[in-house]
K.L.:
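Starting off with a structure, shown below.
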Amino acid sequence: MVEQQEASGDAVMTRIGQAIMLLHGGDREEARNRFGALWSELGADGDALHRCTLAHYMADTQDDPGDELAWDLRALTAAEGLRAAEGVVGGAEAGGAGTGAAEGAGASDVPGSSEGADGGPAAEHPDIPAVRAFYPSLHLNLAADYLKLQRPESARIHLQRARAAAESLADDGYGGGVRAAIDRLELRMREQ
C-alpha cells in the first residue's frame, strides 16, 4: 500500500513537471489547463507539497496580477499547512498563511524545529526540506505580485521574508539564482 502511494505521488509530481516544461517552453495556456486539471484532482486535502508546487507554478501562467497573487497565496498556504500539520514552528509566530498572514500579520519566515512527545527532536516530515527550499521563492513571488498591484508595503514585507528564508539555501545554482532574483527585485523597488 505504501509503495502504491509513493508511486502515485511520483506520478503526480511527474505530471506537474510536465506542465512546468510546457510553461517554460512557452505554452502557458496548455500548462494552465494541465495545472487546473491536476488541481481539481488533488483537491483541498491533497498532498501539501504537490499543492504548493502546483500553485507556485500555476501563478506563473496567469495573465491577471490578482489571479497570480491568489495562486501564490495558495502555494504559501499549502506550505504553511504542511508545517502546521507537522507541528513545526518557526520565526516569530506560527500563524496561518491566509491572506492576512501573507500580507504580514504573522506568517513566519522559515520552518524551524519542534519537539517530539518525549521532549527530543520530532521526526521531520519528508517533504519539509523541499518546502523549506520553496520559501524564498514563494515570498519573492508574493513580493513581485504585490509590487505589480501597487502595494509596496506588502511587497517589502515579502521581500524581507524572501531574503531571510534564502539564508537557508545552499550556495548552488538554485540558491544563487534565487538570491540574484531577490537582489533584482529589491533594486527595482528602490528605483520606483
Side-chain angles (χ1 to χ4, degrees), residues 9 11-83 96-105 107 109 127 130-163 165-166 169 174 177-189 191-192:
V12 170
M13 203 52 93
T14 297
R15 291 172 63 200
I16 292 171
Q18 290 168 340
I20 291 169
M21 288 172 36
L22 286 168
L23 174 62
H24 290 169
D27 194 347
R28 291 176 68 211
E29 185 176 348
E30 182 61 22
R32 183 174 39 238
N33 291 339
R34 290 192 188 191
F35 285 138
L38 269 168
W39 186 261
S40 294
E41 289 175 31
L42 288 174
D45 296 324
D47 179 83
L49 180 60
H50 293 158
R51 288 184 295 116
C52 179
T53 305
L54 190 154
H56 181 65
Y57 286 99
M58 176 65 125
D60 294 338
T61 70
Q62 303 304 304
D63 297 321
D64 179 82
D67 292 339
E68 186 175 359
L69 173 64
W71 281 103
D72 281 328
L73 288 171
R74 285 181 185 106
L76 183 61
T77 299
E80 292 290 331
L82 178 63
R83 290 178 53 207
T99 303
E103 289 186 34
D109 295 329
D127 290 342
V131 170
R132 185 180 295 124
F134 256 131
Y135 270 90
S137 185
L138 293 173
H139 285 293
L140 175 64
N141 285 4
L142 285 164
D145 295 343
Y146 284 122
L147 191 60
K148 288 178 196 172
L149 294 168
Q150 299 179 5
R151 294 172 60 185
E153 189 52 42
S154 294
R156 273 189 283 286
I157 288 167
H158 284 283
L159 189 62
Q160 290 168 350
R161 289 182 179 161
R163 188 166 302 286
L169 294 177
Y174 175 75
V178 171
R179 286 185 196 90
I182 291 168
D183 290 341
R184 286 191 304 271
L185 184 60
E186 185 172 44
L187 181 62
R188 202 169 104 210
M189 288 175 65
E191 291 174 348
Q192 288 189 348

K.L.:
Measuring from Gln160:CD to Glu186:CD, what's the distance to the nearest 0.5 Å?
P.N.:
9.0 Å

K.L.:
Can you check salt bridge (Lys or Arg N to Asp or Glu O under 4.0 Å) on Arg28 and Asp60, steps first, answer last?
P.N.:
CA-CA 8 Å; Arg28 291 176 68 211; Asp60 294 338; over 6 Å; no

K.L.:
Leu23 and Asp27: side-chain contact (heavy atoms from CB on, under 4.5 Å), yes or no, with the steps?
P.N.:
CA-CA 5 Å; Leu23 174 62; Asp27 194 347; over 6 Å; no

K.L.:
Would you call Asp183 and Leu187 a side-chain contact if the rule is heavy atoms closer than 4.5 Å?
P.N.:
no

K.L.:
Closest approach of Ser154 and Tyr146, non-hydrogen atoms and distance?
P.N.:
CB-CG, 3.5 Å

K.L.:
Applying side-chain contact (heavy atoms from CB on, under 4.5 Å), run through Leu159 and His139 and close with a yes or a no.
P.N.:
CA-CA 6 Å; Leu159 189 62; His139 285 293; over 6 Å; no

K.L.:
Tell me, do Thr61 and Trp71 make a side-chain contact under 4.5 Å, heavy atoms counted?
P.N.:
no

K.L.:
Return each pair, listed once, that meets salt bridge (Lys or Arg N to Asp or Glu O under 4.0 Å) where at least one residue sits in residues 138-147; pairs must be two or more places apart or across chains.
P.N.:
none

K.L.:
If you define the side chain from C-beta out and look only at heavy atoms, does anything of Leu138 sit under 4.5 Å from Asp72?
P.N.:
no

K.L.:
So which heavy atom on Val178 is nearest to which on Leu140, and how close?
P.N.:
O-CD2, 4.4 Å

K.L.:
Look at the side chain of Gln192 and the backbone N and O of Arg188, then say whether any donor-acceptor pair between them is shorter than 3.5 Å.
P.N.:
no

K.L.:
Under a 4.0 Å N-O cut-off, is there an ion pair linking Arg156 with Glu153?
P.N.:
yes

K.L.:
When rounded to the nearest 0.5 angstrom, what distance separates CG in Leu54 from CD1 in Ile20?
P.N.:
8.0 Å

K.L.:
To the closest 0.5 Å, what do you measure between OG1 (Thr53) and CG (Asp47)?
P.N.:
8.5 Å

K.L.:
For the residue pair Gly66 and Leu149, what are the closest heavy atoms and their distance?
P.N.:
N-CD2, 4.0 Å

K.L.:
About how many Å separate CD1 of Ile157 and CZ of Arg151, when rounded to the nearest 0.5 Å?
P.N.:
10.0 Å

K.L.:
Between atom CD of Glu68 and atom CE of Met58, what is the distance when rounded to the nearest 0.5 Å?
P.N.:
12.0 Å

K.L.:
Is a side-chain donor or acceptor of Ser137 paired with a backbone partner of Phe134 at a separation under 3.5 angstrom?
P.N.:
no

K.L.:
Does some side-chain heavy atom of Glu41 sit less than 4.5 Å from a side-chain heavy atom of Arg15?
P.N.:
yes

K.L.:
Specify the closest pair of heavy atoms between Pro65 and Lys148, including all atoms of both residues, with the distance to one decimal.
P.N.:
CB-CB, 4.3 Å

K.L.:
Take Glu29 and Arg34 through the test salt bridge (Lys or Arg N to Asp or Glu O under 4.0 Å) and record every step on the way to the result.
P.N.:
CA-CA 9 Å; Glu29 185 176 348; Arg34 290 192 188 191; over 6 Å; no

K.L.:
Mind checking whether Glu80 and Thr77 have side chains closer than 4.5 Å, heavy atoms only?
P.N.:
no

K.L.:
For Ala165 and Tyr135, work out which heavy atoms get closest and say how close.
P.N.:
CB-CB, 4.0 Å

K.L.:
Inspect the surroundings of CG in Asp45 and state if more than 12 heavy atoms from other residues, nucleotides or ligands are less than 6.0 Å away.
P.N.:
no

K.L.:
Using 0.5 Å steps for rounding, measure from the CD atom of Gln62 to the CG atom of Leu69.
P.N.:
11.0 Å

K.L.:
Please report the shortest heavy-atom distance between Ala31 and Ala19, naming the atom on each side.
P.N.:
CB-O, 3.4 Å

K.L.:
Can you list the steps and then say if Met13 with Ile16 is a side-chain contact (heavy atoms from CB on, under 4.5 Å)?
P.N.:
CA-CA 5 Å; Met13 203 52 93; Ile16 292 171; 4.1 Å; yes

K.L.:
Indicate yes or no: at least one non-hydrogen side-chain atom of Arg74 is less than 4.5 angstrom from one of His56.
P.N.:
no

K.L.:
With no hydrogens and no angle check, is any side-chain donor or acceptor of Tyr57 less than 3.5 Å from a backbone partner on Gly17?
P.N.:
no

